[in-house]
Amino acid sequence: MIKNAVAVVTGGASGLGRATVERLAKQGARVVMADLGSSKGNEVAKELGDNVVFVPVDVTSEKDVTTALETAKDKFGRLDLAVNCAGTATAVRTYNFNKNAAHRLDDFTRVLMVNTVGTFNVIRLSAGLMGTNEPNQDGQRGVIVNTASVAAYDGQIGQAAYSASKAAVVGMTLPIARDLSTQGIRICTIAPGLFNTPMLAALPEKVRTFLAKSIPFPQRLGEPSEYAHLVQAIYENPLMNGETIRIDGALRMQP
Ligand SMILES: NC(=O)C1=CN([C@@H]2O[C@H](COP(=O)(O)OP(=O)(O)OC[C@H]3O[C@@H](n4cnc5c(N)ncnc54)[C@H](O)[C@@H]3O)[C@@H](O)[C@H]2O)C=CC1
Ligand SMILES: C[C@]12CC(=O)[C@H]3[C@@H](CCC4=CC(=O)CC[C@@]43C)[C@@H]1CC[C@@H]2C(=O)C=O
């Protein structure tokens with residue numbers, strides 16, 4: 001059960017991460033909200049009360065992630081759940097033939113660094129701390145939830161970097177589940193479709209409506225609370241492990 005569990009949520013100051021922090025805190029969990037120093041983490045944590053602590057973290061930094069995990073241990077005594085929501089996106093064609101310009105390599109690398117390397121960084125360090133927990137009656141010591149995207153499967157034009165970064169998260173899920181099984185640590189990945197978050201708010205209303213219409217049912221953007229609901233379901237269901245779950249209203253993205 002989520003009550004009294006201790007969680008770290010990256011990207012916790014906005015969108016899907018924020019909804020997760022809110023849901024977990026409301027259900028009686030204690031949460032370290034890890035997000036960039038430039039985010040609204042401090043304000044959000046204040047709104048959510050004493051069971052939520054903000055730690056400025058860049059997920060690509062070993063030092064920052066270690067500090068967040070030490071905060072979980074020092075303030076709340078343990079770590080039961082790590083949720084990877086931090087992410088970034090870009091929309092650039094592999095080669096722009098009108099401008100005779102190739103996709104910049106540093107743009108490609110930046111997206112992979114945050115979405116793939118950052119996610120793995122949090123997984124590997126969280127696993128170390130979870131491994132020190134006393135196992136429950138099922139032998140479980142902790143749970144990790146990642147966030148990929150349906151773009152891991154049906155990436156659109158301009159999403160080479162983003163889709164590659166998310167496909168890597170899908171790809172690492174099963175081998176990590178196998179790696180961590182000896183210590184009773186589970187890991188699952190969620191692949192969201194189109195959700196109503198600041199990432200999507202950047203798009204014009206017309207585009208958002210068009211995108212929503214492309215979803216078979218329900219024909220609307222997902223609410224961040226629906227993502228958070230799935231995080232809790234994964235945490236509470238002991239048999240869920242090594243799998244990626246789409247939450248997308250049967251959406252298959254067009255080119
Ligand atoms: N909104 C959507 O429709 C979808 C979102 N996703 C994924 O879900 C995750 C959350 O996205 P949203 O909540 O929509 O976006 P968002 O932009 O609202 O939140 C992302 C958070 O990640 C943080 N972040 C970015 N780089 C970071 C870094 N290096 N270290 C720590 N924190 C960092 C940002 O400060 C921000 O608070 C992302 O991984 C995104 O790719 C996947 C599919 C659909
Ligand atoms: C994240 C996702 C795919 C994207 O890359 C876009 C994003 C909406 C805002 C954007 C505007 C741009 O001009 C660049 C691309 C992007 C960041 C999309 C929201 C959901 C998409 C996704 O992950 C679907 O699975």
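Order of listing sets the numbers, starting from 1, for every ligand and every atom in it. We number each residue from 1, following the sequence as shown.
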Whether the side chain of [X] engages the backbone of [Y] through a donor-acceptor N/O pair (distance < 3.5 Å, no angle test) should be reported.
X: Thr132; Y: Gly128; answer: no
X: Arg30; Y: Ala72; answer: no
X: Thr173; Y: Cys188; answer: no
X: Thr10; Y: Ala86; answer: yes

With a 4.0 Å cut-off on heavy atoms, is [X] in contact with ligand 1?
X: Lys166; value: yes
X: Thr147; value: yes
X: Thr10; value: no

Pair [X] + [Y], salt bridge at N-O below 4.0 Å:
X: Asp138; Y: Arg186; value: no
X: Arg124; Y: Glu62; value: yes
X: Arg208; Y: Glu205; value: yes

Worksheet item: Does CZ in Arg104 sit with more than 12 non-hydrogen atoms of other residues, nucleotides or ligands closer than 6.0 Å?
Response: no
Worksheet item: Can you tell which of Thr147, Val59, Asn146, Thr119 makes a side chain to side chain contact (heavy atoms under 4.5 Å, CB included) with Cys85?
Response: Thr147
Worksheet item: Ile187 pairs by side chain to side chain contact (heavy atoms under 4.5 Å, CB included) with which of Leu174, Ile123, Val145, Val143?
Response: Ile123
Does an N or O from [X], backbone or side chain, lie closer than 3.5 Å to an N or O of ligand 1?
X: Cys85; result: yes
X: Asp58; result: yes
X: Val150; result: no
X: Ser39; result: no
X: Pro192; result: no

Discussion item. With a heavy-atom distance limit of 4.0 Å, tell me whether Val57 approaches ligand 1 through its side chain, its backbone, both, or neither.
Written reply: backbone
Item to complete: Record the part of Thr197 in heavy-atom contact with ligand 1 below 4.0 Å; permitted values are side chain, backbone, both and neither.
Response: side chain
Could you tell me, atom by atom, which parts of ligand 1 come under 4.0 Å of a heavy atom of [X]?
X: Gly11; answer: 21 (C), 22 (O), 23 (C)
X: Leu194; answer: 3 (O)
X: Tyr162; answer: 6 (N), 7 (C), 40 (C), 41 (O), 42 (C), 43 (C)
X: Val114; answer: 26 (N), 29 (N)
X: Ala148; answer: 7 (C), 42 (C)

Which one of [options] has a non-hydrogen atom at the shortest distance from [atom]?
atom: atom 35 (O) of ligand 1; options: Leu36, Asp35, Thr20; answer: Asp35
atom: atom 20 (C) of ligand 1; options: Gly87, Gly15, Gly17, Gly12; answer: Gly87
atom: atom 44 (C) of ligand 1; options: Ala19, Ser38, Gly193, Ser149; answer: Gly193

Practice prompt. Start with the C-alpha distance between Glu22 and Arg18, add both sets of side-chain angles, then the distance that settles salt bridge (charged side-chain N to carboxylate O under 4.0 Å, His left out), and finish with yes or no.
Written response: CA-CA 6 Å; Glu22 283 179 7; Arg18 177 179 173 153; 2.9 Å; yes
